[in-house]
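Heads up: the structure comes next, in structure tokens.
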Amino acid sequence: MCSSKFKLNMNKDEKVIRVRFAPSPTGPLHIGGVRTALYNFLFARKNNGKFILRIEDTDQNRYVPGAEKYIQEALSWCSLDLDEGPNVGGEFGPYRQSERKEMYYSFVKNLIDSGDAYYAFDTPEELDGMRESMRSAGVPSPTYNNISRSSMINSLTLPLDETEKRISRGDKFVVRIKMPRNHEIKFKDKIRGWVSVNSNNIDDKVIYKSDGMPTYHLANVVDDYSMKISHVIRGEEWLPSAPLHVYLYKCLGWEDQIPQFAHLPLILKPDGNGKLSKRDGDRLGFPVFPVNWKNPETNEIYKGYREEGFSRAAFINMLAFLGWNPGTEKEVFNLDELVSEFSLSRVGKSGAKYDFNKLKWFNQQHLRRMDNEEIYDNLVDKKVDFSINPSKEYWLKVIGLVKERATFLDDLKLELSCFLSNKFTYDVNSINKKWNLELLPHLSSLATIIFNLQKFTSSQIEISFHNYLDDNDLSLGKLMPMLRIAITGRLAGPSMFGILELLGKEEVKLRIDRAIKDIQHG
RNA sequence: GGUCCGUUCGUCUAGGGGUUAGGACAUCAGGUUUUCAUCCUGAAAACAGGGGUUCGAUUCCCCUACGGACUGCCA
């Protein structure tokens, strides 16, 4: 007895981990959805399991062209590679519910035959009428449940032959689950612990629609079962219907195949409260989508993080930390590191307000961790319009000089501009502030001195610069800004001596001469 | 309204029967830097409230308050 129980547990532990991300293609995936996908991915990779994409398109009315493609593109931008899915295949396909349409009815039929479900003929108008009259009688949210079903038109209230007649003549019908009276339905959520609901509080949900498609609830359970899903990791908005799903497993005879549930806390709006929604982006000034989305009807573009210049690593890192943390003080993680640290037991219970600022910080941190070579590969513009040889080595040095000043890869464009071209204009404010005509002679003589240096290196230049200042009783703060304006056109930038070395003697000479000649004070 | 879930600095969070309740972002103040940015140092900033249990509760239990999700032939 004991040993067999032990064996059973062993089997359960050794069960292959299979998780699915199951969005419905009703529009672009927003960051909450991406995080759900991410947690599924991390959990699968961490446990040597499979990460599966399943498209839940049981509602034809809400189908949005391009949405599925968007989902794939978003996942792929985030490097959340699929093991199985609509475009990658797999032995449990098809992975679109619309393509699985035929398989659902037999399960529905089983439920009807066992008395766990029934036909209902009420039209949408009749349902509205029922709800309306119940509301006016003081019921805040009327449901089709184990009480109200007795006054509706269904196979429970109709004589058998009438039901058969209606079906055989092609009347529209739906199939509803028949929730039992006073049953305690409970399950253990990996994040929340035991959740228990009395069946009296669950309504007779439609599981099969009059258009011949299953509803989410049924399709979800049937597919998770047939795809051998071991863990259902999804948003907290599904928590209220989880007991129904558990009950469905029981009715279908799959009680020992019920997956483990993990209901993730929601991502909340940064201002006020409530679930972050697709509309919040414009209102709050940050994207809510991973990559750009173009509304196929209006052609309106909704901004994505990719296009706004964020790195996938930073985006993923930020998302991972919205509701999860490793329990250490380390915060900057790449995907592989997240995989090795991830665990559902460290996912929090309460909703997290989205923090755009923190994402910027993550972006900066990840940019800093990118090596110069990688940044070099990402540089679009590697042509220099003045007479130096822009070797790769040159660029690596320039990048090293400039890298830590940037939050975005794009910031480097500005930082790099003086290394790309000498055809810049001088910034007027900088000139007004620091360009001093009386010191022009000093700038010239300083230039002469450094041009005579044997080694035009930042350290040699720095030494002669300081010597010159000492000899002429000048302060650094006077002459240096002028030099900077002459060389870069503006006042902000990285170490001046480093810039001079990299530009090289000839180019520096050219720029100083030109500045002295061209800059008009005031 | 009902059901379910939740509640530690402004935000993300660590912690967990005895702690100066820790970190990060943001904020503010100093410092380094020729400059801007970076960087460094520091400051301010939290256990929702009330009852239990206990020698002791922020931590465990209950209640209240507040917040959220759900309440469709949507997912």
Side-chain angles (χ1 to χ4, degrees), chain A residues 22-26 56-59 61-62 97 120 122-124 127-128 131 138-144 172-176 189 191-193 195-198 200-203 205-211 213-217 219-220 234-243 263 265-266 268 270 272-275 318 321-332 346 348-362 364 368 402-407 411 415 430 433-434 465 469 475-485 488 490-497:
Chain A
S24 95
T26 53
E56 309 237 326
D57 55 350
T58 50
D59 186 355
N61 301 322
R62 295 218 306 160
Q97 288 181 331
D122 319 271
T123 64
L127 287 173
D128 286 347
R131 294 199 179 97
V139 181
S141 39
T143 56
Y144 205 118
K172 293 250 179 191
F173 65 87
V174 301
V175 177
R176 288 179 180 272
D189 188 274
I191 292 169
R192 282 147 220 288
V195 175
S196 154
V197 182
N198 189 291
N200 292 352
N201 296 313
I202 304 176
D203 57 337
K205 284 261 183 295
V206 172
I207 56 173
Y208 193 77
K209 300 186 272 190
S210 60
D211 63 4
M213 283 292 266
T215 60
Y216 168 83
H217 302 292
N220 177 258
R234 70 219 317 183
E236 190 185 339
E237 67 267 32
W238 296 109
L239 197 49
S241 52
H263 288 94
L266 265 14
L268 274 14
N273 286 304
K275 185 163 73 152
M318 173 278 294
F321 270 71
L322 233 40
W324 171 87
N325 76 82
T328 64
E329 291 190 345
K330 183 177 173 184
E331 290 199 90
V332 180
R346 295 207 63 89
K349 292 178 167 71
S350 47
K353 288 187 186 170
Y354 181 66
D355 184 358
F356 187 49
N357 259 325
K358 190 103 187 207
L359 172 59
K360 289 187 199 155
W361 178 79
F362 274 120
Q364 182 206 49
R368 196 161 289 196
V402 128
K403 174 164 76 169
E404 70 179 23
R405 306 172 51 76
T407 296
D411 292 346
E415 297 295 338
S430 302
K433 219 168 157 189
K434 291 290 183 180
F465 197 106
L469 292 176
S475 79
L476 201 63
K478 289 256 193 305
L479 208 47
M480 186 62 104
M482 291 180 70
L483 182 58
R484 185 177 287 283
I485 293 169
T488 72
R490 59 194 194 111
L491 236 28
S495 155
M496 202 56 229
F497 301 116

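Sequence lines set the chain letters: A, B, ... in the order given, protein chains first and strands last, and positions in each chain run from 1. This structure is a prediction, so every number in the text was calculated from the model and none was measured. Only heavy atoms go into these numbers, but all of them, side chains included; no hydrogens, no water, no symmetry mates.
For the pair A/Glu236 and A/Lys275, the salt-bridge criterion is not met [side-chain N within less than 4.0 Å of a carboxylate O].
Atom name P, nucleotides B/G30 and B/A21: the rounded distance is 29 Å, in whole Å. Nucleotides B/U32 and B/U38, compared at atom C1', are 11 Å apart to the nearest Å. Distance noted for atom P between B/C47 and B/G22: 13 Å (whole Å). Between B/A26 and B/G67, the distance separating the two P atoms is 30 Å to the nearest Å. Between B/G6 and B/A48, the distance separating the two C1' atoms is 13 Å to the nearest Å.
Checking B/G6, B/C25, B/U34 against every side-chain atom of A/Ser350, the shortest atom distance belongs to B/G6. You'll find that the side chain of A/Asp355 is closest to B/U11, out of B/A24, B/U11, B/A69. In the set B/C73, B/G1, B/C5, the nucleotide with an atom closest to the side chain of A/Val195 is B/C5. Listed candidates were B/C5, B/C70, B/A24. Nearest to the side chain of A/Leu239 is B/C5. Checked against B/C73, B/A75, B/C70, the side chain of A/Arg176 finds its nearest nucleotide in B/C73.
At a threshold of 4.0 angstrom between heavy atoms, the contacts of A/Asp122 include nucleobase atoms, whether or not backbone atoms are also involved. Note on A/Arg234: nothing from the nucleic acid sits closer than 4.0 angstrom, heavy atoms only. Using a 4.0 Å heavy-atom cutoff across all strands shown, A/Thr328 reaches no nucleic acid atom at all. At a threshold of 4.0 angstrom between heavy atoms, the contacts of A/Gly323 are confined to the sugar-phosphate backbone, with no base atom among them. Contacts of A/Thr407 with the nucleic acid, taken as non-hydrogen atoms under 4.0 Å apart, are absent. Within the 4.0 angstrom heavy-atom criterion, only backbone atoms of the sugar-phosphate kind lie near A/Pro142; the bases stay farther away. Here A/Leu491 lies in heavy-atom contact (under 4.0 Å) with a base.
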What are the atom names and distances for every N/O pair under 3.5 Å that joins the protein to nucleotides 39-42 of chain B?
{"unit_1": "B/C39", "atom_1": "OP1", "unit_2": "A/Arg368", "atom_2": "NH1", "d": "3.4"}

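In this structure, NZ of A/Lys205 is placed 6 Å from P of B/U71, rounded to the nearest angstrom. A/Lys360 has its NZ atom 17 Å from the C1' atom of B/A24, to the nearest Å. When the C1' atom of B/C70 is taken as reference, atom CG of A/Leu266 falls 11 Å away, rounded to whole Å. With rounding to whole Å, A/Glu237 atom CD is found 17 Å from B/C74 atom P. Regarding A/Lys275, its NZ atom lies at a distance of 9 Å from the C1' atom of B/C70, rounded to whole Å. Summarising the geometry, the separation between CD1 on A/Ile191 and P on B/U7 is reported as 13 Å, rounded to the nearest angstrom.
Annotation: salt bridge (Lys or Arg N to Asp or Glu O under 4.0 Å) contacts of A/Asp122 (sequence neighbours excluded): none.
Pair check for B/C70 finds B/G2; Watson-Crick or G-U wobble, both atom distances under 3.5 Å.
Nearest-nucleotide positions on RNA chain B for A/Trp324 and A/Asp211 put A/Trp324 closer to the 5' end.
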